[in-house]
Amino acid sequence: MAHIVETAKSGRARCRTCGEGIAKDALRFGEEVPNAFSESGGTTFHWHHAQCAAKKKPSQLREALAVYTGDVHNREELEQLIAENELKQRPTTFPFAERSPSARAKCGECRNVIEKGALRVAVQREPDGPSLMIMPATPRYLHAACARQSLPGATADVLASIKKNSRGLTDADLAELGAALSDAHGQ
Ligand SMILES: [Zn+2]
Ligand SMILES: [Zn+2]
């Protein structure tokens, strides 16, 4: 999905974050989403004030701002808000890794519980049908050591994409993940 930043062409849209109107000519963020009313797979935009998006959708706004060529009078302020909020945001691109916040999830490979605090890898669940297209993606969670089977490719490449998609992983987390992924390799 390609998200966009633009100045509002009219004052008719409402911000999906705060519910207030977005004034004409104000900078707004458009989140491209599947259009539930389109049978041909069309998309539509959910609009947000740029500042609201910086808090609620920081990663998406950062991507859109990076390619926006227009003038942003408060770019510095927005970028600071993005940086502050991005770490709190749940990753939306798979695969990503995180410390398990609870012992509720079961590993998608070995079916054993993933212990609280354990490093786990989230991968995209296979969609069961077209109705899932408009549902938020629910990931499959895997033990780091079990993730290898779901993530083909060289360990370094897998690790690089996980690093790119994850938030707040430490060097130690990455080292542990790398070891888990390469241990399982070739078994
Ligand atoms: Zn707003
Ligand atoms: Zn497992």
Side-chain angles (χ1 to χ4, degrees), residues 3-33 44-65 68 70 72-75 77-86 88-89 94-126 138-153 155 158-159 162 166 169 173-174 176-187:
H3 307 310
I4 61 168
V5 166
E6 63 169 36
T7 50
K9 297 179 190 84
S10 77
R12 287 198 303 270
R14 284 197 173 276
C15 173
R16 292 272 178 159
T17 302
C18 69
E20 300 287 319
I22 301 173
K24 186 175 187 303
D25 296 326
L27 194 70
R28 67 182 182 180
F29 165 74
E31 181 185 24
E32 193 179 20
V33 293
T44 185
F45 288 101
H46 284 174
W47 298 106
H48 302 260
H49 293 112
Q51 273 187 315
C52 291
K55 293 175 197 158
K56 283 286 170 167
K57 313 259 173 192
S59 304
Q60 292 91 326
L61 178 62
R62 182 164 54 75
E63 272 171 38
L65 266 181
Y68 179 65
V72 183
H73 70 94
N74 59 344
R75 189 180 277 267
E77 182 192 342
L78 285 177
E79 281 175 356
Q80 196 179 338
L81 271 176
I82 289 170
E84 281 169 17
N85 288 283
E86 205 168 31
K88 297 182 219 155
Q89 191 186 26
F94 300 103
F96 64 84
E98 63 184 7
R99 290 282 165 190
S100 185
S102 70
R104 279 202 304 270
K106 285 204 172 124
C107 174
E109 290 289 346
C110 72
R111 297 280 150 206
N112 291 316
V113 166
I114 302 174
E115 294 300 330
K116 184 175 181 190
L119 204 55
R120 69 181 183 185
V121 178
V123 297
Q124 185 131 39
R125 190 180 287 277
E126 295 298 320
T138 321
R140 268 171 88 207
Y141 293 109
L142 308 165
H143 291 111
C146 294
R148 201 66 185 87
Q149 297 163 68
S150 299
L151 300 169
T155 304
V158 171
L159 204 54
I162 289 176
S166 303
L169 283 187
D173 292 338
L174 285 168
E176 185 184 329
L177 192 61
L181 290 174
S182 44
D183 273 358
H185 195 204
Q187 274 178 13

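Every number for a ligand or one of its atoms is a count from 1 in the order of the listing.
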Salt-bridge criterion met for Arg148 and Glu109 (N-O under 4.0 Å)
no
Heavy-atom closest contact (Cys107 atom, Leu142 atom, distance)
SG-CA, 3.9 Å
Any N/O/S atom from His48 (main chain or side chain) under 2.8 Å of the Zn ion (ligand 1)?
no
Please note down the angle at the Zn ion (ligand 2) between SG of Cys110 and SG of Cys146, to the nearest 10°.
120°
How wide is the angle at the Zn ion (ligand 1) between SG in Cys52 and ND1 in His49, to the nearest 10°?
110°
For the Zn ion (ligand 2), the nearest N/O/S atom on His143 is atom ND1
Residue from Arg28, His48, Arg12 passing side chain to side chain contact (heavy atoms under 4.5 Å, CB included) with Ile22
Arg28
Glu84 atom CD: more than 12 heavy-atom contacts under 6.0 Å:
yes
